[in-house]
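Written below as structure tokens is the structure these notes are about.
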Amino acid sequence: MSLTFWKPGTAAPGSTLDRASQLEESIGVQIPPTHGRGQLPILKYRDNLLYCVEKFGVVIVIGQTGCGKTTQLPQFLLQAGWADDGHTIACTQPRRIAATSVASRVSDELGTKLGEEVGYSIRFEDVSSKEKTRILYMTDGMLFRETLVDPLLSRYSVVMIDEAHERSVYTDLLLGILRKIRKKRPSLRLIVSSATLDATKFLDYFSQDSEGDATIVSLEGRMYPVEVTYLQEPTPDYVRKAAETAWNINLQSLQQGPGDILVFLTGREEIDRCVQELSEMIPSLPARATRIVLLPLHAGLSTEEQLHVFQPAERGTRKVVISTNIAEASVTIEGIKFVVDCGCVKIRVFNPTTLLASLATVPTSVASATQRAGRAGRTSPGICYRLYTSSVFKVLPATTSPEITRTDMTTPILQLKSLGIDDLMKFDWVSAPPAETVLRALEGLYAAGMIDDSGRLTPVGEQVAECPVEVGIARMLFSSKEFKCGEEILTIAAMTAVQDIFVIPEGAAGALAELERRKFTAEEGDHFTLLNAYNAFTRYGRSSSWCKSHALSFRAMSRAVSIRSQLKKYMQRFNLPLESCEGDSKRLTKCLVSGYWRNGARWTADGTYRSVRGNMILHVHPTSVLFTRKPRSGWVIFHEVEETKKAH
DNA sequence: GAGCACTGC
């Protein structure tokens, strides 16, 4: 079995592209069926798209990465007058980097200055103008936040939800809200753009209302053909198999020609092992064969390390990029001709009964496998080696479960309530979160005093809904007035929102880094340790070289600075004083407990802890400063519980 | 003595 993508101009007879050119002549006549599943019209030109946007309230656009929908569609709309009369065209992206880079490209294409006709809006950065900006690229989270201020999104004429197939929590929430908005403001046009054929799910969703007028348009991708191969027999160890496959691709280079290799594995541990296996094989590489360069890629690497992956291979060498799922959608590496796909992915799952989050390795979906294969066909025809049998492929789920079904919903539900959506069971979810998750979230909001016993927002809840932090942190910020420690609690709030603050490399350098990290250690625990690290960072001039010599991530620390200054504005708005506790750790501890009292645990003689809620046996994570010490009081509060591989 | 998919406000 093989999957094929076609590049324009190279259409094979009878291919989809061929049919598309026949349709060109019937522009304006070819009206796509409203509910016609299974008959996706292949339209290629702007007139067809504009016709659909004019005629239908909701247009679902299917197009592979690279078909230009993200950059071209908003420009079509602009030229057709959709941004006249002071209206704006919004286009959401699930990631910041996509919002900024696309905005900059479109701005160039139009020959305008970024931030004027074309702008972007992401957290901490608003490069747009209320008066001038006609096309606004933004993260989905930012548009969701805007609904809290302007519930009808009245400044927009068209909203395009891009990459909807990724089904981020904010994408799902936005689709639900936009469906409600369209009932009150039918003139608002909605474009849902998706890379998979699962788009019929969106069509069904928007066709449910009586006034439902949705249609699907399919666009052609700009892709080279990718041949897909499967294993004859399943492998017991896909990491080794991945190393062998990459090795063999390189050995066959005389037939295969140049081109880099991209290997998909699930996590850092597997990546390190694969790099290890391949580097052990390198001494046996025949002299005539191409030399290979091994490049691991995962989010835990520093920015510099990640940049290595993008540098073109030196003459006479071949890059082998061994990556997590980060290379599936977030990062695009040019020059990849061979993809090796282990067939698995690590996803975060949330158990609403135990409130435990954990990482599970699960088989990829068909959509995900297709996306991975497509990474081989960006610059030339490619080959994808799937490290599983074709019978396994046939039973893969069509898509990965939407994030909203496997994550904590406390904050989103608070925000929905702030939007006046109180009956969560009646809300039209694209995919509903499990009832248990909703109940737990409501319970948590009630316990934190954000909602009353009839489920309505309290005055505090009303304010916290605006705050871009989790509920416990917000609770803490509000209590800081009573405990007179706003200055410190603000820093702790910012630091807990950032991940991977300490950088501990492998091997000997790691031991040194560990010693550096201990310099910040506070006896009181991780929150105080984070506070120490932040204060030291600002005291020593916020420099990246200082971070490097103190085992800190400059990227993470800079982010904490931004978050702190953003939260500071909220504190000022809510009249919360910024007082210092002047070294009184007791007051600060009490304030922390006021936000996280539900996450209490008691030390036991065997070194483990028992949670106050549920009396669960908990272990301290090795990255905590309490991993090596006993809390003086015998009590701790924890920020989060994560299920790991540790044997219980 | 032991561990880190990826985003986003």
Side-chain angles (χ1 to χ4, degrees), chain A residues 92-99 121-126 138-149 163 166-174 264-272 296-301 306 323-331 342 344-349 357-362 364 368 400 402-404 406-407 411-412 414-415 418 464-471 473-474 493-494 497-506 510 514 553 556 559 562-563 566-567 569-570 606-608 619-624 626-629 640 642-647:
Chain A
T92 70
Q93 297 293 322
R95 279 171 294 279
R96 296 160 55 91
I97 182 83
S121 173
I122 60 176
R123 189 182 186 183
F124 312 128
E125 255 185 282
D126 181 9
M138 61 212 296
T139 46
D140 48 14
M142 281 304 278
L143 188 61
F144 179 74
R145 191 148 284 278
E146 198 166 334
T147 62
L148 298 176
V149 185
E163 313 283 0
E166 290 191 23
R167 302 294 301 275
S168 76
V169 170
Y170 287 122
T171 289
D172 269 32
L173 292 171
L174 271 175
F264 282 104
L265 294 173
T266 68
R268 176 174 165 178
E269 196 189 327
E270 287 178 7
I271 289 168
D272 289 346
L297 176 64
H298 51 83
L301 297 176
Q306 289 192 7
S323 173
T324 60
N325 216 32
I326 194 170
E328 187 184 305
S330 309
V331 156
C342 76
C344 288
V345 65
K346 232 180 244 186
I347 59 166
R348 202 184 170 84
V349 288
S358 58
L359 286 170
T361 302
V362 297
T364 56
S368 178
T400 311
E403 194 188 0
I404 206 165
R406 49 186 168 84
T407 193
T411 305
L414 179 69
Q415 290 167 329
S418 172
V464 168
E466 288 178 46
C467 246
V469 287
E470 48 186 88
V471 168
I473 298 286
V498 178
Q499 287 118 42
D500 305 315
I501 287 170
F502 295 101
V503 187
I504 310 291
E506 293 276 291
E514 197 70 52
S553 157
R559 198 171 154 75
S562 305
I563 294 175
Q566 189 188 33
L567 294 181
K569 285 182 198 147
Y570 283 96
D606 62 3
T608 64
H619 300 264
V620 178
H621 196 273
T623 53
S624 166
L626 291 179
F627 188 65
T628 51
R629 54 189 76 212
E640 61 179 353
E642 184 109 5
E643 205 173 359
T644 64
K645 273 186 268 178
K646 182 182 161 66

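In this text the structure is predicted, and so the values were computed from the model without any measurement. In the text below, chain A, chain B and the rest are named by the order of the sequence lines, each starting its count at 1.
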A:Asp140: partners by salt bridge (Lys or Arg N to Asp or Glu O under 4.0 Å), with sequence neighbours left out: none

Touch class at under 4.0 angstrom, heavy-atom based, for A:Phe627 against every strand present: base

Proximity to the side chain of A:Met142 - top-ranked nucleotide from B:dG3, B:dA5, B:dC9: B:dC9

Salt bridge (Lys or Arg N to Asp or Glu O under 4.0 Å) partners for A:Glu328, two or more places apart: A:Arg372

Euclidean distance, atom CD of residue A:Glu125 to atom C1' of B:dG8 [Å, nearest integer]: 15 Å

Candidate nucleotides B:dT7, B:dC9, B:dC4, ranked by approach to the side chain of A:Arg145 - the nearest: B:dC9

5' priority, DNA chain B, between A:Gly267 and A:Gln415 [closest heavy atom]: A:Gly267

Residues A:Glu166 and A:Arg95 bridged, charged N to O under 4.0 Å: yes

Value in whole Å for how far the C1' atom of B:dT7 lies from CZ of A:Arg123: 13 Å

Closest to the A:Ile326 side chain, choosing from B:dA5, B:dC6, B:dC9: B:dC6

Spacing of A:Ile122 atom CD1 relative to B:dC9 atom P, expressed in whole Å: 7 Å

Distance below 4.0 Å between A:Thr139 side-chain N/O and B:dC9 OP1 or OP2: yes

Contact summary for A:Arg559 and A:Phe124, nearest pair of heavy atoms: NH1-CE1, 3.9 Å

Atom-to-atom span, CZ of A:Arg95 to C1' of B:dA5 - whole angstrom: 13 Å

Euclidean distance, atom NE2 of residue A:His619 to atom P of B:dA2 [Å, nearest integer]: 10 Å

Closest to side chain of A:Pro622, choosing from B:dG8, B:dA5, B:dA2: B:dA2

Nucleotide B:dC9, atom P - distance to CG of A:Asp126 in whole Å: 12 Å

Atom of A:Ser121, atom of A:Asp126 and distance for their closest heavy-atom approach: CB-OD1, 3.9 Å

Sugar-phosphate only, base, or nothing, as touched by A:Thr628 at under 4.0 Å among non-hydrogen atoms: base

Nucleotide B:dG8, atom C1' - distance to CG of A:Asp172 in whole Å: 14 Å

Anti or syn - B:dC6, cut at 90° from 0: anti

Position toward the 5' end of DNA chain B (nearest nucleotide), A:Thr324 or A:Val469: A:Thr324

Length of the CD1-P vector between A:Ile473 and B:dG8, whole Å: 19 Å

Per A:Leu359 side chain, nearest of listed nucleotides B:dT7, B:dG3, B:dC4: B:dC4

